[in-house]
Amino acid sequence: MGEIKVGKYIVRDGLYYTESDEWVKVDDYTATIGITDYAQKKLRDIVGVDLPKRGQRVSSGEAVAVVESVKAAADIYSPVSGEIIEVNEDLISAPELINKDPYGRGWLFKVKMSNVDETKKLLSSGSYVNKIKGD
C-alpha cells in the first residue's frame, strides 16, 4: 500500500475516504474504519475516545463514535451500513495511538457491511488528496 504526501499529511493508496475525514479499508464484507492523518493532525493531541458497542447496527453517515482532543471533540461517522463486529479496545487506555499510527494501530471499529455498493459513494485516495488541498 503506497502513500501520497500532501504537505505534512499522508494519504494511503488502496483505501476509501469520506468528506468527514474517515478512512475505510474493505476486506470482503468487513470495513475497518479510522480517521485520516489529516484529521488527527487537525485535532492535535487525542486524549479520549468513545467507541460504538459491538453488535450495534449502524447506517451510512450516522455518528457512531467520538474522538476527544486537547482542541475539540469530533464525531466519527460510519461510512457504511451494517453491524459493528469489533472495536479497537486498545484505544481506551491509549487514545494517542490515533496520533501515532492513524492508518494502523489507531483504527477505531470494524463493520460487517450490509451493502457493499455503499463503497461506490466513498472517495478514492486521489479525490481525498484534492479535498485536503481544497481545505
Side-chain angles (χ1 to χ4, degrees):
M1 191 178 306
E3 292 181 350
I4 303 168
K5 291 199 174 176
V6 184
K8 60 184 177 180
Y9 309 114
I10 294 171
V11 175
R12 290 265 173 97
D13 277 336
L15 300 176
Y16 294 103
Y17 295 90
T18 67
E19 290 285 344
S20 52
D21 302 311
E22 290 89 3
W23 59 261
V24 184
K25 179 181 175 200
V26 174
D27 295 306
D28 291 327
Y29 288 90
T30 301
T32 303
I33 293 140
I35 65 171
T36 64
D37 183 54
Y38 174 77
Q40 67 86 15
K41 283 181 175 154
K42 287 288 186 186
L43 285 168
R44 298 191 190 149
D45 296 333
I46 294 173
V47 295
V49 61
D50 184 15
L51 296 169
K53 303 279 186 248
R54 188 179 296 182
Q56 180 180 337
R57 307 266 333 151
V58 297
S59 298
S60 172
E62 179 183 352
V64 297
V66 176
V67 173
E68 296 174 43
S69 73
V70 294
K71 185 178 174 191
D75 286 334
I76 307 300
Y77 302 92
S78 181
V80 294
S81 302
E83 178 183 347
I84 303 289
I85 57 171
E86 191 174 346
V87 297
N88 186 352
E89 295 180 3
D90 292 344
L91 297 178
I92 294 167
S93 60
E96 67 276 9
L97 288 173
I98 296 170
N99 292 120
K100 291 179 179 171
D101 191 9
Y103 296 110
R105 294 183 310 143
W107 65 275
L108 296 170
F109 56 92
K110 295 184 180 183
V111 175
K112 185 170 180 73
M113 295 186 290
S114 58
N115 182 0
V116 177
D117 286 343
E118 287 178 339
T119 59
K120 293 177 183 171
K121 295 186 285 185
L122 300 173
L123 301 175
S124 67
S125 55
S127 297
Y128 188 70
V129 164
N130 290 333
K131 176 206 171 307
I132 291 174
K133 288 179 178 174
D135 278 357

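Keep in mind it's a predicted model, so treat the numbers as computed, not measured.
- At a threshold of 4.5 Å between non-hydrogen side-chain atoms, the residues Glu96 and Ile46 do not count as touching.
- Applying the under-4.5 Å side-chain rule to Ile, Leu, Val, Met, Phe, Trp and Tyr, the cluster around Val70 extends to Val47.
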Candidate pair Arg54 and Ile85, rule side chain to side chain contact (heavy atoms under 4.5 Å, CB included), full reasoning: CA-CA 5 Å; Arg54 188 179 296 182; Ile85 57 171; 5.6 Å; no

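- Tyr128 places none of its side-chain heavy atoms less than 4.5 Å from the side chain of Arg12.
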| task | Mind running salt bridge (charged side-chain N to carboxylate O under 4.0 Å, His left out) on Asp21 and Lys131 for me, showing each step along the way? | result | CA-CA 10 Å; Asp21 302 311; Lys131 176 206 171 307; 3.2 Å; yes

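- Within the 4.5 Å cutoff, no side-chain heavy atoms of Tyr38 are placed close to those of Val11.
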For Thr36 and Tyr103, what are the C-alpha separation, side-chain angles and deciding distance, and is it a side chain to side chain contact (heavy atoms under 4.5 Å, CB included)? CA-CA 7 Å; Thr36 64; Tyr103 296 110; 3.8 Å; yes

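- Side-chain contact check for Asp45 and Ser69: no donor-acceptor pair (N or O, by modelled atom type) lies under 3.5 Å.
- The local environment of NZ in Lys41 is crowded, with over 12 non-hydrogen atoms from other residues, nucleotides or ligands closer than 6.0 Å.
- Looking at Ile35 and Leu108, their side chains come closer than 4.5 Å, going by heavy atoms from C-beta outward.
- The side-chain heavy atoms of Met113 and Val26, taken from C-beta on, include a pair separated by under 4.5 Å.
- Taking both residues in full, the closest heavy atoms of Ser78 and Val58 are given as OG-CG2, 3.6 Å, listed atom of the first, atom of the second, then distance.
- A cation-pi contact, defined as under 6.0 Å to the ring centre and within 45° of the axis, is absent between Lys25 and Trp23.
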TODO: Test side chain to side chain contact (heavy atoms under 4.5 Å, CB included) on Leu91 and Glu89 and set out the steps.
DONE: CA-CA 5 Å; Leu91 297 178; Glu89 295 180 3; over 6 Å; no

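- Residues Phe109 and Lys53 fail the side-chain proximity criterion, which asks for heavy atoms closer than 4.5 Å.
- Within a 6.0 Å radius of CG in Asp28, no more than 12 heavy atoms belonging to other residues, nucleotides or ligands are found.
- Using a 4.5 Å cut-off on side-chain heavy atoms (C-beta onward), Ser125 and Leu15 make no contact.
- With contacts defined as side-chain heavy-atom distances shorter than 4.5 Å, the pair Glu3/Asp13 does not qualify.
- Taking each heavy atom of Ser60 and Pro79 in turn, the nearest pair found is OG-O, 3.3 Å.
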